[in-house]
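Report on the structure given below.
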Amino acid sequence: MGLRVLPRILRTLSTSSLRIRAGVASDVGAFRDVNQDAAFTSQLAAAVADGVGGGPSGDLASAALIHRLIASSLSVRDAEDLIVRLRMANWDLGAFIRRDPDLAGMASTLTGIWLVKDAGLLLAHTGDSRAYLLRDGELTRETRDDSFVQALVDRGLITSDAAWSHPRRNIITASLSGADGDVVRVESRAAALGDRWLLCSDGLTDYVPEAEILGILSSTEGVTEAARQLVDVALEASSRDNITAIVCDVESGAPYEAAVPVLAGAAAHRYPEVLEAGLATA
């Protein structure tokens with residue numbers, strides 16, 4: 001299990017009396033036959049995974065990753081605890097490939113947040129799914145795309161506007177594939193009452209400008225309604241990909257750790273036995 005984790009400590013705030021209120025929407029889109037996005041939400045954590053396009057069984061990759069992450073308690077003690085869970089989830093992806101070589105190349109992005117008691121919030125990320133934070137009316141992108149076009153932007157070879165419509169914008173440079181060299185970043189963030197987080201696949205951000213995303217997040221009170229509106233505007237923009245949006249509000253109150261997670265997308269489709277065991281689906 002050689003998954004490499006790049007830690008980055010930014011700022012922390014006690015979360016002993018904070019929890020997440022989340023809503024999720026996922027749609028296969030008008031141009032795809034299979035939803036390769038998978039997601040879960042809970043009062044303690046939420047994450048989106050997007051099966052890598054062009055590889056085999058992208059829906060299995062994203063669903064298996066999400067399934068493994070919710071297989072045990074969603075309460076994490078610290079960054080090291082989360083790192084172990086990410087390594088185990090990535091090892092599970094590798095196990096699928098070791099059992100069936102035809103799955104070689106199967107991979108998934110991952111972007112998620114976890115509340116940590118008395119230690120703020122942890123953000124885990126690899127690939128080109130994204131996390132945004134809306135705080136005090138300002139929307140900031142909290143993740144960097146692991147992608148070919150982002151590398152071009154970083155080197156000053158193209159502008160951010162050009163990257164938005166670049167024909168190779170879907171080529172990613174990092175993902176989880178069960179390989180020893182896979183990289184995921186785990187970063188510490190402050191958790192503030194009233195924060196609104198958006199976790200989403202690129203089926204949203206490749207087709208909907210950030211200004212429009214800000215407008216929906218700012219004007220829609222309900223988390224589920226906001227997530228659904230984001231997916232709907234991506235569909236109206238003729239998104240050619242699967243689309244998943246998770247909207248998470250940080251609110252006061254101790255999280256109910258026994259509350260069941262909500263599954264969406266490929267996770268709900270691939271693991272119906274989990275739903276039958278008592279979990280919820282969006």
Side-chain angles (χ1 to χ4, degrees), residues 7-25 39-48 66 69-70 73-83 85-86 110-125 129-144 185-200 204-205 210-231 244-264 280 282:
R8 182 182 175 204
I9 306 301
L10 298 181
R11 55 194 186 275
T12 60
L13 185 70
S14 172
T15 57
S16 57
S17 59
L18 296 179
R19 64 189 177 200
I20 293 171
R21 179 164 52 90
V24 58
F40 83 87
T41 67
S42 73
Q43 293 187 11
L44 287 164
V48 61
I66 292 297
L69 289 172
I70 66 167
S73 170
L74 289 169
S75 176
V76 297
R77 297 185 304 274
D78 51 31
E80 290 301 320
D81 186 18
L82 178 57
I83 289 167
R85 296 176 189 220
L86 293 171
L110 177 71
T111 301
I113 56 173
W114 281 259
L115 286 176
V116 181
K117 185 176 181 181
D118 299 324
L121 177 149
L122 294 174
L123 170 64
H125 171 74
S129 298
R130 291 183 181 177
Y132 289 89
L133 172 61
L134 177 62
R135 176 182 287 168
D136 298 328
E138 181 179 357
L139 185 70
T140 58
R141 190 193 305 179
E142 296 292 315
T143 51
R144 174 193 176 277
R185 288 174 172 81
V186 174
E187 304 180 355
S188 178
R189 292 288 195 274
L193 184 65
D195 282 352
R196 170 165 281 193
W197 285 82
L198 167 65
L199 311 174
C200 60
L204 172 65
T205 53
E210 291 180 350
E212 190 168 357
I213 292 173
L214 170 60
I216 292 172
L217 291 176
S218 300
S219 63
T220 309
E221 182 176 356
V223 288
T224 301
E225 292 78 8
R228 186 67 250 175
Q229 283 192 39
L230 289 167
V231 170
T244 299
I246 303 173
V247 177
C248 304
D249 285 351
V250 178
E251 62 180 16
S252 61
Y256 177 48
E257 296 188 14
V260 296
V262 172
L263 300 181

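Excluded from the calculations below are hydrogen atoms, water molecules and symmetry mates; all remaining heavy atoms, backbone and side chain alike, are included.
The side-chain heavy atoms of Leu230 and Leu217, taken from C-beta on, include a pair separated by under 4.5 Å. Taking 4.5 Å as the limit, every side-chain heavy atom of Glu142 sits out of range of all side-chain heavy atoms of Glu187. You'll find the side chain of Val223 stays beyond 4.5 Å of the side chain of Ile246, heavy atoms only. Counting heavy atoms from C-beta outward, Ile70 and Leu263 have side chains that approach closer than 4.5 Å.
Atom-to-atom distance recorded for Gln229:CD and Thr220:OG1 is 3.5 Å, nearest 0.5 angstrom. Note that CZ of Arg196 and CZ of Arg21 are 7.0 Å apart. Values are rounded to the nearest 0.5 Å. In this structure, CG in Leu139 is found 7.5 Å from CG in Leu198, a value given to the nearest 0.5 Å. Between the CG atom of Leu133 and the CG atom of Leu123 there is a distance of 10.0 Å, given to the nearest 0.5 Å. Put simply, CZ on Arg185 and OG1 on Thr111 are 11.5 Å apart, with the number rounded to the nearest 0.5 Å. For the atom pair OG (Ser219) and CG (Leu214), the distance works out to 9.0 Å, reported to the nearest 0.5 Å.
Residues forming a side-chain contact (heavy atoms from CB on, under 4.5 Å) with Arg228 (at least two apart in sequence, or on another chain): Ala25, Asp27, Val231, Asp232, Leu235. When the salt bridge (charged side-chain N to carboxylate O under 4.0 Å, His left out) test is applied to Glu80, no partner is found at least two apart in sequence or on another chain. In terms of the side-chain contact (heavy atoms from CB on, under 4.5 Å) criterion, residue partners of Asp81 (sequence neighbours excluded) are, by chain and number, Val76, Arg77, Asp78, Arg85.
Here the closest heavy-atom approach between residue Arg144 and residue His125 is recorded as O-NE2, 2.9 Å. Across all their heavy atoms, Ala190 and Arg135 have their closest contact at O-NH2, 3.7 Å. Heavy-atom minimum distance, Leu122 versus Ser188: CD2-CA, 4.2 Å.
Under the 3.5 Å distance criterion, the side-chain polar atoms of Ser17 are left unmatched by any main-chain donor or acceptor of Ser252.
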